[in-house]
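Scroll down for the structure; my scribbles are underneath it.
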There are 2 protein chains.
Amino acid sequence: MDKVEYGVLKLENQLCFPLYACSREIVKRYKPFLDKLELTYTQYIAMMVLWERKSVTVKELGERLYLDSGTLTPLLKKMEEKGLVTRMRSEKDERNLVVTVTDTGERLKERAVEVPLQIAGCTKLTAEEGMLLYELLYKMLGKQSSQGK
Amino acid sequence: MDKVEYGVLKLENQLCFPLYACSREIVKRYKPFLDKLELTYTQYIAMMVLWERKSVTVKELGERLYLDSGTLTPLLKKMEEKGLVTRMRSEKDERNLVVTVTDTGERLKERAVEVPLQIAGCTKLTAEEGMLLYELLYKMLGKQSSQGK
DNA sequence: CTCAATTCAATTGAGTACAATTTATTATAG
DNA sequence: CTATAATAAATTGTACTCAATTGAATTGAG
């Protein structure tokens, strides 16, 4: 009767913590594979959008990745230096900066396809559990799942 | 027949991405509440361990939070400056640094209990979904769930 | 038209993360 | 006992992450 409901403050009773820890652990699992491509994890997911779209504005990329220009501007400048993308102001609206994959960036895609395959072997979840986790995470993110691809 | 299996490289087919995005979004949801306590998210989870254990070494704290001394040393120094913890070398083994909650740190616990309650209202998942997500994340982290608390 | 509001990137500053190295301390093989 | 190995923090350097601010370009109300 002395202690109140401090149980809610225990780390093991938090949902946020395994989410935070798991996210970082997964990024670490990607590292050895991404090192071979000389990409960081953030650069990798940015390239995923670019391989799919060819050209996007910083704003669109940010909406897709949940990142803002504070993160993306320096990231994209490094990717430009590496020759993976070009950065150019839109002619229609010069406030927009258009990022486009170069041929070098496009060629990297061929080596990158191996990454998801190699990572799949490191996962401790079954396919069904992975699917379920996917659905729950997107629900938590507040978006409709686009699983039915 | 021209395109190969590039579908594996689509952002929407990744499990890692919603994990990464969700983790950051949740930390953002905590921010307004943690701001009132003048804690960052990382400081908050470190305090959770300390509220539970009273005293831990940097090594133990790191194992619990999946963080290393490179992250924890500056974090704990800031927490010491704020008067939340003390940092002292262990007498038994001076390689170990023992972190202990101060009275100020202990008092913060009383205000912190509100945080999980207020966050709970922001979640888009049902209790069952939350539990399921929790189990899946711990399985992915490669630890046995300690849910049966 | 024209100036105030809006939009988009860039910048700034604080705070992590983490790999790799260094330093101090303790354990251990010979 | 002593040189070596192992361990724990701290340090260093790179790379995000994000809130807040700034500045240039565009929009829109009057």
Side-chain angles (χ1 to χ4, degrees), chain A residues 16-17 19-32 34-35 38-47 56-82 85-99, chain B residues 17 20-35 37-47 56-82 85-99:
Chain A
C16 62
F17 175 67
L19 200 49
Y20 160 81
C22 210
S23 168
R24 287 184 298 114
E25 286 302 311
I26 299 300
V27 171
K28 259 185 252 184
R29 272 181 221 174
Y30 273 86
K31 189 167 192 311
L34 294 181
D35 278 351
E38 292 181 279
L39 287 178
T40 64
Y41 180 75
T42 314
Q43 289 170 8
Y44 174 62
I45 57 172
M47 285 307 292
V56 278
T57 64
V58 171
K59 180 179 161 60
E60 290 166 334
L61 189 58
E63 284 168 356
R64 197 77 186 276
L65 303 179
Y66 297 84
L67 291 170
D68 69 6
S69 66
T71 302
L72 291 176
T73 296
L75 190 85
L76 293 168
K77 282 183 179 174
K78 276 171 213 155
M79 289 166 69
E80 185 181 40
E81 280 172 28
K82 287 198 275 194
V85 301
T86 57
R87 297 165 64 250
M88 274 206 307
R89 291 283 165 183
S90 163
E91 286 175 18
K92 288 190 289 264
D93 184 343
E94 295 204 359
R95 287 172 303 182
N96 289 295
L97 187 137
V98 180
V99 185
Chain B
F17 175 67
Y20 160 82
C22 209
S23 168
R24 288 184 296 113
E25 285 303 308
I26 299 300
V27 171
K28 259 186 249 182
R29 273 181 221 174
Y30 272 85
K31 192 169 188 306
F33 303 112
L34 294 181
D35 278 351
L37 309 182
E38 291 180 280
L39 288 178
T40 64
Y41 180 75
T42 315
Q43 290 170 6
Y44 173 63
I45 57 172
M47 286 307 293
V56 278
T57 64
V58 171
K59 180 180 161 59
E60 289 166 335
L61 189 58
E63 284 169 355
R64 197 76 186 279
L65 302 180
Y66 297 84
L67 291 171
D68 70 6
S69 66
T71 303
L72 291 175
T73 296
L75 189 84
L76 293 167
K77 282 183 179 174
K78 275 172 214 152
M79 291 167 69
E80 185 181 41
E81 280 171 29
K82 287 197 274 196
V85 301
T86 58
R87 295 164 67 247
M88 274 207 307
R89 289 286 166 180
S90 164
E91 287 175 16
K92 288 191 286 266
D93 184 343
E94 294 202 2
R95 287 171 303 183
N96 288 296
L97 189 138
V98 180
V99 184

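To find a chain, count down the sequence lines: A is the first, B the second, and so on, and within it residues start at 1. Since we're looking at a predicted model, the values are computed, not measured.
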*So what does B:Asp68 touch, heavy atoms closer than 4.0 Å: a base, only the sugar-phosphate, or nothing?*
base
*Counting any heavy atom closer than 4.0 Å, what does A:Thr40 reach on the DNA or RNA strands: base, sugar-phosphate only, or nothing?*
sugar-phosphate
*Which sits closer to the 5' end of DNA chain D, A:Tyr41 or B:Leu97, going by the nucleotide each is nearest to?*
B:Leu97
*Which is the 5'-most and which the 3'-most nucleotide of DNA chain C that has an atom under 4.0 Å from a heavy atom of chain B?*
C:dG15 to C:dT26
*Please state how far atom CG in B:Leu34 lies from atom C1' in D:dC18, giving the value in whole angstrom units.*
15 Å
*For A:Thr42, report the nucleic acid contact type (base, sugar-phosphate, nothing); a contact means any heavy atom under 4.0 Å.*
sugar-phosphate
_Without decimals, in angstroms, what is the distance between A:Lys28 NZ and D:dC16 C1'?_
15 Å
*side chain to side chain contact (heavy atoms under 4.5 Å, CB included) between B:Leu72 and B:Val99, worked out*: CA-CA 11 Å; B:Leu72 291 175; B:Val99 184; over 6 Å; no
*asked:* Please evaluate residues B:Thr73 and B:Leu97 with respect to the criterion side chain to side chain contact (heavy atoms under 4.5 Å, CB included), reporting the C-alpha separation (whole Å), side-chain torsions for both, the decisive distance (0.1 Å), and the verdict.
replied: CA-CA 10 Å; B:Thr73 296; B:Leu97 189 138; over 6 Å; no
_Of B:Ser90 and A:Lys77, the one whose closest DNA chain C nucleotide lies more 5'_ = A:Lys77
_Side-chain-base donor-acceptor pair under 3.5 Å for B:Ser69 and D:dA8_ = no
*Distance, rounded to the nearest Å, where B:Ile26 contributes CD1 and D:dT17 contributes C1'*: 16 Å
*Is A:Leu65 close to B:Phe17 at the side-chain level, that is, under 4.5 Å between some pair of heavy atoms?*
yes
*Under 4.0 angstrom between B:Tyr20 side-chain N/O and D:dT17 OP1 or OP2*: yes
*Do B:Thr86 and B:Val98 touch side chain to side chain, with heavy atoms closer than 4.5 Å?*
no
*Atom CG of B:Leu61 and atom C1' of D:dA10: how far apart are they, to the nearest Å?*
15 Å
*Rounded to the Å, how far apart are A:Glu91 CD and D:dT26 C1'?*
16 Å
*Given atom CZ of B:Arg95 and atom P of D:dA5, what is their separation to the nearest angstrom?*
16 Å
*Closest nucleotide among D:dA25, D:dA9, D:dC16 to the B:Lys59 side chain*: D:dA9
*Between D:dT26 and A:Arg89, is there an OP1 or OP2 to side-chain N/O distance shorter than 4.0 Å?*
no
*Can you tell me the distance, in whole Å, between the CG atom of A:Asn96 and the C1' atom of D:dA25?*
10 Å
*Run the ring-centre check on A:Tyr66 versus B:Tyr20 and record whether the distance is less than 6.0 Å.*
no
*What is the distance, rounded to the nearest whole Å, between atom CZ of B:Arg24 and atom P of D:dC16?*
12 Å
*asked:* Tell me whether the side-chain N/O atoms of A:Gln43 come closer than 4.0 Å to OP1 or OP2 in D:dC16.
replied: yes
*Does A:Lys92 put a side-chain nitrogen or oxygen below 4.0 Å from OP1 or OP2 of D:dT26?*
no
*Mate of C:dT25 where both pairing distances stay under 3.5 Å, Watson-Crick or G-U*: D:dA6
*Mind checking B:Glu25 for me? I need base, sugar-phosphate or nothing, with any heavy atom below 4.0 Å counting as a touch.*
nothing
_Contact nearer the 5' end of DNA chain D, comparing A:Gly70 with A:Asp93_ = A:Gly70
*Considering only NZ, NE, NH1 and NH2 on the basic side and carboxylate oxygens on the acidic side, decide whether B:Glu81 and B:Lys77 come within less than 4.0 Å.*
no
*Is any NZ, NE, NH1 or NH2 atom of the basic residue among A:Glu80 and A:Arg87 found under 4.0 Å from an Asp or Glu carboxylate oxygen of the other?*
yes
*Among D:dA6, D:dC16, D:dA9, which nucleotide sits nearest the side chain of A:Leu75?*
D:dC16
*Identify the two heavy atoms, one from A:Thr57 and one from A:Glu60, that lie closest to each other, and give their separation to 0.1 Å.*
N-OE1, 2.9 Å
